[in-house]
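Notes follow the structure.
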Amino acid sequence: MPLALYDTWSRTLRPFTPLRPDHVGLYCCGPTVYDHAHIGNLRTYVFEDVLRRALALNGYTVRHVVNITDVGHLVSDADDGEDKMEKGSRRTGESAWAIAERYTVAFQHDWRALNLLEPTLWCRATDHIAEQIEFIADLERNGYTYRTADGIYFDTARQDDYGYLARLDIAGLQAGKRVALGDKQRATDFALWKFSPPGSTRQMEWQSPWGVGFPGWHIECSAMSAKYLGPLFDIHCGGEDHIAVHHSNEIAQTQARHGTRLANFWLHGHFLMLDAGKMAKSGGDFVRLQTLIERGVDPLAYRYLCLGAHYRSSLRFTMEALDGAQAALGRLRKAYRQWPEGGAPDAEAVARFKAEVDQDLNLPRALAVLWEVVRSDLPAATRRATVDCFDQVLGLRLADWHEDVVTIPAAIALLAEQRDAARAAKNWREADRLREQLQAEGWQVEDSAKGQVLRPLD
Ligand SMILES: [Zn+2]
């Protein structure tokens with residue numbers, strides 16, 4: 001049975017075949033770095049990591065691109081309101097650039113704590129302004145844009161199938177709700193380039209053929225994915241909240257420029273639910289991975305919790321469920337440690353595990369196969385080798401785990417990474433300040449040829 005994935009575009013489970021033999025292009029929408037990620041955001045990245053590992057299990061070489069949105073993501077999807085970066089800057093008093101740097105480091109720290117495989121490429125929106133301007137200029141040449149007082153907009157009326165991914169009811173959208181249009185002609189039209197407000201200077205702004213300003217949010221993903229993966233690549237992922245606006249707009253732009261729907265498969269991870277509802281930053285209160293770590297939770301226990309729910313079902317988050325995941329992970333580690341090395345995997349168990357993974361990443365069922373093996377009467381060395389195979393997809397780092405290693409608390413590791421970033425930016429004053437802060441927290445930092453080393457102070 002080949003790998004089958006649920007494609008949001010066709011609303012069907014489709015057998016996966018890459019466009020180019022043995023190679024897969026995978027683009028995943030990354031974070032907007034104006035604040036910390038919450039664990040709901042992180043659930044999407046866990047799903048995408050499992051997808052990448054499942055593709056590798058099937059023998060594909062994956063080119064995995066993740067963007068960092070550091071400009072252009074407005075507070076409201078309706079193209080009004082403030083840029084999230086500038087808003088973050090007002091909140092903290094730091095520059096928008098410093099905020100972007102700080103939250104990128106923090107995000108990548110969470111990424112590694114969850115044992116997500118490093119992408120082939122991280123790309124920042126602000127490093128690709130020229131590509132975005134070129135993209136918009138092509139859209140203009142092809143007749144898909146119009147100008148208003150505050151920017152250049154995409155004219156969605158030019159496409160009969162605009163919004164197909166989301167099965168949008170365009171007529172209903174136009175007629176029904178009262179949508180704040182501003183100067184836009186239609187509710188579904190969206191900004192490609194926004195002008196800096198007259199008489200003011202933004203922290204992040206660039207020259208363009210249309211005037212000084214900054215790119216809209218959606219254009220960055222179309223421009224960067226096409227640059228690094230081509231105008232039609234295999235799989236585009238994101239959270240389910242991206243379907244109606246962000247991904248619909250990425251497709252519209254790409255159709256208008258390249259005549260493709262950007263990706264052959266569109267996959268979407270579902271939300272993490274707190275009792276109050278969907279977890280979103282705009283709701284004010286949200287839970288960070290760091291918050292959990294400070295309560296004694298192993299980040300990989302959160303990963304285990306995510307694996308226990310199918311990515312296309314919403315997962316209700318409770319501390320009890322997380323405690324349960326931590327306990328299960330503890331039992332698994334304990335069992336694993338008692339098994340000797342030197343065995344060979346059990347082919348039948350590996351085949352059953354892979355069949356579940358290949359069925360649209362059915363990790364809950366794959367975990368059930370894992371526990372059958374743990375509790376089986378297979379020789380202990382066979383169990384170890386079999387579970388090692390499973391862990392290539394599960395990513396629980398079973399072979400690396402030791403009870404007795406000195407664990408560096410995540411808050412300390414984060415300070416050290418910020419110091420590393422400050423040193424890389426030759427910001428010596430900030431690097432020294434962070435060294436002192438680490439010392440105050442009881443950690444000595446030493447710089448070696450291989451980078452900095454942390455030791456607890458006696
Ligand atoms: Zn995107």
Side-chain angles (χ1 to χ4, degrees), residues 7-9 25-35 37 40-45 47-49 51-52 63-77 79 83-85 100 103-104 107-108 111 116 119-129 131-132 135-136 139 154 156 162-166 188 190-194 214-258 260-271 280-281:
D7 174 24
T8 307
W9 177 274
L26 171 65
Y27 185 89
C28 301
C29 289
T32 302
V33 284
Y34 71 110
D35 200 344
N41 303 131
L42 297 174
R43 182 187 179 203
T44 303
Y45 302 107
F47 136 63
E48 291 162 353
D49 182 67
L51 169 64
R52 173 163 165 196
R63 185 166 164 78
H64 180 199
V65 179
V66 181
N67 69 301
I68 303 281
T69 298
D70 54 0
V71 69
H73 194 165
L74 301 184
V75 172
S76 140
D77 271 347
D79 292 311
D83 185 316
K84 290 187 178 186
M85 299 307 304
Y103 290 115
T104 300
F107 178 77
Q108 291 174 337
W111 184 278
L116 307 178
T120 318
L121 190 77
W122 296 101
C123 50
R124 287 171 209 265
T126 52
D127 288 337
H128 296 80
I129 299 297
E131 287 85 347
Q132 296 176 71
F135 203 119
I136 299 166
L139 295 179
F154 187 93
T156 55
Y162 173 81
Y164 179 78
L165 179 77
T188 48
F190 55 92
L192 297 164
W193 187 264
K194 294 272 283 189
F214 61 101
W217 170 35
H218 317 298
I219 196 75
E220 69 174 84
C221 285
S222 294
M224 295 192 288
S225 61
K227 172 171 178 170
Y228 294 114
L229 299 170
L232 181 67
F233 55 88
D234 294 290
I235 307 174
H236 194 313
C237 291
E240 60 175 330
D241 51 333
H242 285 159
I243 299 171
V245 178
H246 183 52
H247 287 173
S248 290
N249 293 349
E250 282 187 42
I251 291 170
Q253 296 164 153
T254 306
Q255 262 173 351
R257 189 194 198 196
H258 296 294
T260 72
R261 61 178 156 95
L262 193 56
N264 190 16
F265 280 76
W266 286 83
L267 268 61
H268 293 96
H270 283 224
F271 284 138
K281 286 179 195 171

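Read the numbers this way: they start at 1 and go in the same order the structure lists the ligands and their atoms. We use all heavy atoms of the structure for the numbers below, so side chains are in, but hydrogens, waters and symmetry mates are not. Numbers for residues simply follow the sequence, beginning at 1.
- Taken from CG in Asp7 to CG in Leu165, the straight-line distance is 8.5 Å, to the nearest 0.5 Å.
- The Zn ion (ligand 1) has no N, O or S atom of His242 inside 2.8 Å of it.
- For a distance bound of 2.8 Å, the N, O or S atoms of Cys29 include one lying that close to the Zn ion (ligand 1).
- With sequence neighbours left out, Arg257 forms a salt bridge (charged side-chain N to carboxylate O under 4.0 Å, His left out) with Asp138.
- Residue His218: no N/O/S atom is found under 2.8 Å from the Zn ion (ligand 1).
- Ring-plane geometry between Phe107 and Trp122 is classed as perpendicular, the angle between the planes exceeding 60 degrees on a 0 to 90 degree scale with a lower cut at 30.
- For residues 215-229, the set of pairs meeting the salt bridge (Lys or Arg N to Asp or Glu O under 4.0 Å) definition, not counting sequence neighbours, comprises Glu131-Lys227.
- The minimum distance between the Zn ion (ligand 1) and any N, O or S atom of Glu250 involves atom OE2.
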